[in-house]
Amino acid sequence: MTKTVIIGTNHAGLAAANAILDNSEQEVVMIERNENFSYLSCGTALWVGQQIDSVDGLFYTNREDFEAKGAKVRTQTNVDNIDFEAKIVYATTSQGENVTEDYDKLVLATGSIPISPKVPGRELENITFMKHYEEGQKIDQLFEHKDIENVAVIGAGYIGVEMAEAAKRRDKNVLLFDALDRSLPSYYDAWFTDDMDKNLANHGIELHYGELVKEYKGTNKVEQIVTEKGEYEVDLVINAIGFLPNNQLAKDHLELFTNGAYLVDRHQQTSDPDVYAVGDCATVYSNALQATTYIALASNALRTGMVAGENIVGNAVESPGVQGSNGISIFGYHMVSTGYSVESAAKFDLNVKYTDIEDTQKPEFMKENDNVKLRIVYEATSRRIVGAQMSSTTSDISMAIHMFSLAIEHQVTVDELGKLDLFFLPHFNQPYNYINKAALAAE
Ligand SMILES: Cc1cc2nc3c(=O)[nH]c(=O)nc-3n(C[C@H](O)[C@H](O)[C@H](O)COP(=O)(O)OP(=O)(O)OC[C@H]3O[C@@H](n4cnc5c(N)ncnc54)[C@H](O)[C@@H]3O)c2cc1C
Ligand SMILES: NC(=O)c1ccc[n+]([C@@H]2O[C@H](COP(=O)([O-])OP(=O)(O)OC[C@H]3O[C@@H](n4cnc5c(N)ncnc54)[C@H](O)[C@@H]3O)[C@@H](O)[C@H]2O)c1
């Protein structure tokens, strides 16, 4: 019987385990260095910002669920080394016991590691990342302290903006830094982020964009941060300047992508046919780019895990690829995007055009109504859609971005959306939907 060892049991590893256990009688061993698994870090800001009552709901499964399906689960066990020739995994438990597991198939689901700004003083206390549950706990506890007044968040990407909101909701003075000149620069064009930045500023968050941190100062705990533009008193620093794939175990054995992620095909198979890689440690296939790339998202982790698991049990399933669809909701302002923005497309040498619309969600006669902004990004020559961004105070826009995701996957052109059948009911939208209108206006 095939024996599969899965290293890392967060979203990607769990999805792979489920796919194998639910579709076969195969032997599965799951190895995880943490005590808990399935932590939805996506809910951390809601938890520490006290928008939800408890952290408990952020764990969606546990070891017993997998043991009940027949898996052997080793938690608090760190994999130290892999002998890819002999197909043996070497690990150490938190008690210091050495354990080995042989395998027929191996799934690497070791995720990603936050990038540390390489500046002096980074070892001071009260400087943290926000990735694991334990870091969320630490931030939550520090927010309780009255003497933690000034919180600096470094990086105004997804984690940074969400944590800035959470800190503000806990009545802290919040300073948000980014090397670039606006928030969320990887996901949205300035037409959208200008509104988000107004939203953040209106809620009292101090924005320090285009400002690189040069040093953290303090005796034991961090007390100041120094940038090229000034020096600021801080009691807590949350670093959120992005992730790198965690490739420690196999970087010398497998082919890697430019950023170090394990290079996989559309079966999630690496350059070693018995080794699969899933989630944040692996590449994905981008339908917008029509090439391999790297996008760290829980949604990608789940899908890639499923694909690997199904292939391991013998169903030759191909990944449909991804669009990197994502969303953010800050102080009631919602933004969603899929594929590439105009600015990010340029970085990947995609020659694009775009069409914009700003409209109300529903007909003007409706009492409750919201403004909606939409930008559709399409390839200049083929006119296929390669991205879309939307923002509004209504969360109703989220379903529209799913449609754009499908459009990118299936190479729909912007012109095909002009007369697309989108239903009309005043409670939801206008007789001629803003998606149709934007598409018809495309040059
Ligand atoms: C604060 C925050 C908010 C986020 N919000 C969203 C969101 O809203 N939507 C979204 O789609 N994504 C979000 N993400 C990204 C998402 O959490 C990641 O893409 C996702 O966790 C990747 O899952 P993974 O299983 O591939 O890797 P990880 O979650 O990184 O898990 C890897 C696991 O491998 C284990 N491991 C690593 N090395 C070893 C070893 N040598 N031995 C044993 N075990 C090992 C680790 O302990 C870990 O449990 C967020 C991330 C953060 C930090
Ligand atoms: N809502 C969501 O979907 C969601 C939420 C949280 C995290 N995530 C995912 O988790 C991953 C990590 O998130 P993240 O927020 O850490 O990364 P990110 O890539 O979203 O943002 C990193 C930010 O840090 C900035 N930066 C980089 N180096 C810097 C430096 N030296 N000084 C100051 N700023 C610097 C970048 O300009 C960027 O704005 C991403 O893949 C993200 O998509 C998704």
Side-chain angles (χ1 to χ4, degrees), residues 6-16 30-48 58 74-82 89-92 108-119 129-136 139 152-163 166 176-187 193 208-214 227 238-250 277-282 294-305 324-330 335-337:
I6 301 174
I7 307 174
T9 64
N10 210 16
H11 311 306
L14 296 174
M30 301 162 70
I31 309 181
E32 168 59 51
R33 65 156 72 112
N34 287 335
E35 191 181 352
N36 55 71
F37 54 69
S38 87
Y39 176 59
L40 280 170
S41 33
C42 326
T44 308
L46 289 168
W47 161 40
V48 303
L58 300 186
R74 291 183 179 277
T75 52
Q76 293 182 279
T77 304
N78 187 68
V79 174
D80 308 310
N81 189 22
I82 302 163
V89 169
Y90 295 91
T92 313
L108 297 169
T110 50
S112 51
I113 304 173
I115 300 169
S116 175
K118 301 274 179 291
V119 295
F129 295 110
M130 183 46 254
K131 162 100 183 157
H132 298 291
Y133 165 60
E134 291 75 11
E135 289 156 342
I139 293 169
V153 180
I154 317 297
Y158 263 140
I159 295 177
V161 170
E162 289 177 352
M163 292 310 293
L176 178 60
F177 292 84
D178 201 283
L180 300 183
D181 62 357
R182 58 198 181 85
S183 65
L184 305 169
S186 317
Y187 312 92
T193 57
H208 294 271
Y209 294 155
E211 203 170 334
L212 262 186
V213 173
K214 289 196 330 196
T227 73
I238 302 172
N239 278 319
I241 63 167
F243 288 173
L244 279 176
N246 177 6
N247 64 8
Q248 283 308 305
L249 292 171
V278 295
D280 280 8
C281 66
Y294 180 75
I295 305 174
L297 282 173
S299 43
N300 292 347
L302 291 174
R303 277 190 292 271
T304 54
S325 303
N326 59 78
I328 189 162
S329 176
I330 300 294
M335 302 208 319
V336 289
S337 84

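Predicted, not measured: the structure shown is a model, and the values here were computed from it. Ligands are counted one by one from 1 in listed order, and the atoms in each one are counted from 1 as well.
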Is there a nitrogen or oxygen of F177 sitting under 3.5 Å from a nitrogen or oxygen of ligand 2? no
If you count the atoms of ligand 1 from 1 in the order shown, which ones are under 4.0 Å from a heavy atom of N246? 37 (C), 38 (N)
Atoms of ligand 1 close to A301 [distance to a heavy atom under 4.0 angstrom, numbered from 1]: 22 (C), 23 (O), 26 (O)
Quick one: does ligand 1 sit under 4.0 Å from the side chain of S41, the backbone, both or neither, non-hydrogen atoms only? both
N or O pair under 3.5 Å between S186 and ligand 2: no
Please determine whether any non-hydrogen atom of P185 lies less than 4.0 Å from an atom of ligand 2. yes
Going by distance only, is there an N or O of Y187 that falls short of 3.5 Å from an N or O of ligand 2? yes
Provide the number and element of each atom of ligand 1 under 4.0 Å from a heavy atom of C42. 3 (C), 4 (C), 5 (N), 6 (C), 7 (C), 8 (O), 9 (N), 13 (C)
Residue, atom name and distance, where the atom is the protein heavy atom closest to atom 17 (O) of ligand 2: G242 CA, 3.4 Å
Is L297 near ligand 2, meaning one of its heavy atoms is under 4.0 Å from it? yes
heavy-atom search around atom 45 (C) of ligand 1 in the protein gives R33 CG, 3.9 Å
Would you mind running through ligand 1 and noting each atom that sits below 4.0 Å from a heavy atom of G279? 26 (O)
Between H132 and ligand 1, does any nitrogen or oxygen pair lie at a separation below 3.5 Å? no
Give yes if a backbone or side-chain nitrogen or oxygen of V79 is under 3.5 Å from a nitrogen or oxygen of ligand 1, and no if not. yes
Considering only non-hydrogen protein atoms, determine which one is nearest to atom 34 (N) of ligand 2 and report residue, atom name and distance to 0.1 Å. A179 N, 3.1 Å
Considering only non-hydrogen protein atoms, determine which one is nearest to atom 35 (C) of ligand 2 and report residue, atom name and distance to 0.1 Å. I241 CG2, 3.5 Å
Side chain, backbone, both or neither: which applies to F129 and ligand 1 if a contact is any heavy-atom pair less than 4.0 Å apart? neither
Close aromatic pair by centroid cut-off 6.0 Å: Y209 and F177: no
G155 heavy atoms within 4.0 Å reach ligand 2 at atoms 24 (O), 34 (N)
Given D280, L302, I159, which has its nearest heavy atom closest to atom 22 (C) of ligand 1? D280
Please identify which atoms of ligand 2 are closer than 4.0 Å to at least one heavy atom of L212. 30 (C), 31 (N), 32 (N)
Nearest non-hydrogen protein atom, atom 31 (O) of ligand 1: N10 CB, 3.1 Å
Which protein heavy atom lies closest to atom 30 (O) of ligand 1, and at what distance to 0.1 Å? K131 NZ, 2.8 Å
Counting only nitrogen or oxygen atoms and a 3.5 angstrom limit, does A298 reach ligand 1? yes
Using a 4.0 Å cutoff against the non-hydrogen atoms of L297, which atoms of ligand 1 qualify? 10 (C), 11 (O), 12 (N), 19 (O)
Ligand 2 to E162, heavy atom cutoff 4.0 Å, flagged ligand atoms 1 (N), 5 (C), 6 (C)
Which of the ligand 2 atoms, numbered from 1, are nearer than 4.0 Å to a heavy atom of A240: 16 (O), 22 (C), 23 (C), 24 (O)
Among all protein heavy atoms, pick the one closest to atom 7 (C) of ligand 2 and tell me residue, atom and distance. I159 CG1, 3.5 Å
Look at atom 21 (O) of ligand 1 and say which protein heavy atom is nearest, naming residue and atom and giving the distance to 0.1 Å. H11 CD2, 3.3 Å
In this structure, atom 21 (O) of ligand 2 is nearest to the protein heavy atom G157 CA, 3.2 Å
Regarding ligand 2, does L180 bring an N or O atom to under 3.5 Å of one of the ligand's N or O atoms? no
For N78, atoms of ligand 1 separated by under 4.0 Å from a heavy atom: 40 (C), 41 (N), 42 (N)
Any heavy atom of L249 under 4.0 Å from ligand 1? The part involved is side chain
Of all the heavy-atom pairs spanning T75 and T77, show the shortest one and how long it is. O-OG1, 2.8 Å
Output yes when the distance from some N or O of ligand 2 to some N or O of F243 is under 3.5 Å, and no in every other case. no
For atom 49 (O) of ligand 1, what is the nearest protein heavy atom, given as residue, atom name and distance? E32 OE1, 2.8 Å
Sidechain-backbone polar pair: N300 side chain, I295 backbone, donor-acceptor under 3.5 Å: yes
Any nitrogen or oxygen of A12, main chain or side chain, under 3.5 Å from a nitrogen or oxygen of ligand 1? yes
More than 12 heavy atoms from other groups under 6.0 Å of CD on E134: yes
Answer side chain, backbone, both or neither: which part of A296 comes under 4.0 Å from ligand 2, heavy atoms only. both
Please could you name the atoms of ligand 2 that G327 approaches to less than 4.0 Å, counting only its heavy atoms? 1 (N), 2 (C), 3 (O)
Should you measure from each heavy atom of G111, which atoms of ligand 1 turn up under 4.0 Å away? 26 (O), 27 (O), 28 (P), 30 (O), 32 (C)
Of G8, S112, A109, P245, which has the heavy atom at the shortest distance from atom 32 (C) of ligand 1? A109
Mark up the atoms of ligand 1 that fall under 4.0 Å of a heavy atom belonging to N34, in ascending order. 47 (O), 49 (O)
Under a heavy-atom criterion of less than 4.0 Å, does D178 contact ligand 2? yes
